[in-house]
Amino acid sequence: MSEPQRLHPAAILEFFIHNIYGLLKAALPLLIVFIAGNSFKWLLLAAPFLLSLFVLYGILYWFRYVFYVSEQELRLEYGIFKRKKRYIPFERIQTVQTSAGILQRMFGLVKLQVETAGGGSEAEFVLPALSREKADALRQILQVGNRILENHTETDASIKYSLSTRSLLLLASTSNGIGVVLSALLVVVSQLDDIFSDLDIWNKIAGFAEHLVAGKLSLIVLFVIALLLVAWLFSLLGTILKFGNFHLVREGNNIKISRGLLEKQQLTIPIKRIQAITVVEGLLRQPFGMVSIQVVSISNTGEKGEGSVLFPLLPKQKIVPFLQEVVPEFAMSLQLQGLPARSRTRYLLINIIPALVIAISCTFLLPWGYLSFILLLLAAWLGNSQFKDAGWETEHDKLLLRCRRLDRITTIIPHRRIQSLDVSQNILQKRISVNSLGVAVASGGAGTYVSLKGIEDEKNDLIINWFD
């Protein structure tokens, strides 16, 4: 691919949609003014002219958008009025990811994204419309050039895992995405109020809330249950679309993941880019004995957490065999040493005090507010669980740290991946001879920090000696 090459002509449609979306998002207040000021007919008259300009711009942009490989670099040249050039040396490339959204699947194409260590929150190099053959050829060139396939250590035998239909349904049913859905619903409602001001949506919601609060407790409970059910159904659908048809293959020094029903994504994770492995036991999944395996890697693209899932749902008893087969470089026993009993008080108080403030406020401000004192029991349970689940262990060249927020998270970090190890002690901790331990590992631009609070002094010294 040393000669400049263009994208598939379907990229014109991709550029057109992207530009229209950007215009609508930026000019939304102006559009609202036009509609409210009875100038909508002028907008309709101008629309064909504006669309024609966008189509012409998309064609010219596609014609000037070329890429090629030269001198161990991936090069991209684009721009109409202002010509831009981007050169990415092979050694800076972290991962090469392909995906196929609805537009790409219509034409039998894929989108190729190249991530680098300093690329920010988005991929530094994106080719939105390539034939699958051309994308595979380019990815092979980049991987070999970046020594990802070091010394051709690929083996004929591949380790394969897939997500069964039963596991997919359980994964979707126990997803933590309900809060995200509820936030999205609030955003949609706020936008509706801006566009359709005559509907007076917020006043109607406020009136409904007053009626609800003044009504019976059973009505409030029924409304909350209905709202959570709707959010859960949306979360269920989103998880199925995202993780449907999930497959994982370990081939030599690479882990290859494919997933997605509407938008098919393919991701290659080089083992040498993985900084740590995390085992996440979600609050809803713990009764089923299921966990999610995730990676901390030098990667930047995708939504938060989306590109970090190594395997979305796995029985707890299969964690160690899975790690030994797929990522033996990070495999270790999950047995750990707990915290001293004197650290329990800190975990209890840090949860109970905020719950007490909330309960007292609800008692004075809301009918039936005294029922919120049940939060104290939940806070005490959470604090005690956080204390019991917290712990650490070292094994040869690996460090294991476990903590709980709502989910229980176990992190395995090889010694060579630790960027720094910090120890701190406040006045209260000094009185009971415990410390806080923090471990930093590289991850994208910001890095990842894992902390454990309440380790006794002598155990903390053991970890420091292990690190030194």
Does any non-hydrogen side-chain atom of Ile255 lie less than 4.5 Å from one of Val249?
no

Quick one, Val439 and Phe467 - any side-chain contact, counting heavy atoms below 4.5 Å?
no

Ignoring hydrogens and angles, tell me if any N or O in the side chain of Gln104 forms a donor-acceptor pair with the backbone of Pro128 under 3.5 Å.
yes

Donor-acceptor pair, distance only, cut-off 3.5 Å: does the side chain of Ser385 make one with the backbone of Trp381?
yes

Got Val296 and Val450 here, is their nearest side-chain heavy-atom distance under 4.5 Å?
no

Could you give the distance from OG1 (Thr268) to CD (Glu251), rounded to the nearest 0.5 Å?
9.0 Å

Quick one: does any side-chain atom of Trp466 pair with a main-chain N or O of His396 as donor and acceptor, under 3.5 Å?
yes

Report, one line per pair, each donor and acceptor closer than 3.5 Å where one atom sits in a side chain of residues 348-364; sequence neighbours left out.
residue	atom	partner	partner atom	Å
Asn351	ND2	Tyr347	O	2.8
Asn351	ND2	Gln386	OE1	2.9
Ser361	OG	Val357	O	2.9
Thr363	OG1	Ala359	O	2.8

Taking atom NZ as the centre, does Lys398 end up with more than 12 heavy-atom neighbours from other residues, nucleotides or ligands that are less than 6.0 angstrom away?
yes

Does Lys111 form a side-chain contact (heavy atoms from CB on, under 4.5 Å) with Gln113? I'd like the steps, not just the answer.
CA-CA 7 Å; Lys111 176 191 290 186; Gln113 297 175 279; 4.2 Å; yes

So, Gln425 side chain and Val434 main chain: donor-acceptor pair closer than 3.5 Å or not?
yes

Would you find a donor on one side and an acceptor on the other, under 3.5 Å apart, between the side chain of Arg404 and the backbone of Asp389?
no

Is the shortest side-chain heavy-atom distance between Asn253 and Lys272 below 4.5 Å?
no

With a 3.5 Å distance limit and no angle check, can you tell me whether Gln72 reaches the backbone of Phe90 through a side-chain donor-acceptor pair?
no

Side chains of Ser292 and Arg285, heavy atoms from C-beta outward: is any pair under 4.5 Å?
yes

Spatial distance of atom CD (Gln337) from atom NZ (Lys459) [nearest 0.5 Å]:
4.5 Å

Would one find more than 12 heavy atoms of other residues, nucleotides or ligands at under 6.0 Å from atom CD of Gln335?
no

Does Ile374, at its CD1 atom, have more than 12 non-hydrogen atoms belonging to other residues, nucleotides or ligands within less than 6.0 Å?
no

Quick check against the 3.5 Å criterion: does Gln275 have a side-chain atom that pairs as donor or acceptor with the backbone of Arg273?
yes

Identified side-chain contact (heavy atoms from CB on, under 4.5 Å) counterpart of Ile455 within the set Asn460, Leu462, Val423:
Asn460

To the nearest 0.5 Å, how far apart are CE in Met332 and OG1 in Thr410?
10.0 Å

With a sphere of 6.0 Å drawn around OH of Tyr87, does it hold more than 12 non-hydrogen atoms of other residues, nucleotides or ligands?
yes

Just how far is it from atom CG of Leu130 to atom OG1 of Thr98, taken to the nearest 0.5 Å?
10.0 Å

How long is the straight-line distance from CD1 of Ile257 back to NE2 of His247, given to the nearest 0.5 Å?
12.0 Å

Is there a side-chain hydrogen bond (donor to acceptor under 3.5 Å, both in side chains) between Gln429 and Ser436 once you walk through the steps?
CA-CA 8 Å; Gln429 289 176 326; Ser436 294; 2.8 Å; yes

Leu168 and Asn245, any side-chain heavy atoms less than 4.5 Å apart
no

Does any non-hydrogen side-chain atom of Ile269 lie less than 4.5 Å from one of Asn254?
no

Give a yes or no on whether the backbone of Lys85 and the side-chain of Arg75 come within a donor-acceptor separation of less than 3.5 Å.
no

Is any side-chain heavy atom of Phe322 closer than 4.5 Å to a side-chain heavy atom of Leu310?
yes

Residues Arg250, Glu329: salt bridge by 4.0 Å N-O rule:
yes

Do Tyr161 and Phe246 pass the ring pair (Phe, Tyr, Trp, His ring centres under 6.0 Å) test, and can you show the C-alpha distance, the side-chain angles, and the key distance before you say yes or no?
CA-CA 9 Å; Tyr161 279 82; Phe246 186 98; over 10 Å; no

More than 12 non-hydrogen atoms from neighbouring residues, nucleotides or ligands closer than 6.0 Å to NE2 on His18, yes or no?
no

Kindly say whether Leu399 contributes a backbone atom to a donor-acceptor pair with the side chain of His415 at under 3.5 angstrom?
no

Using only atom types and a distance under 3.5 Å, with no angle test, would you say the side chain of Asn384 pairs donor to acceptor with the backbone of Ala380?
no

State yes or no: are the ring centers of Phe67 and Tyr78 separated by less than 6.0 Å?
no

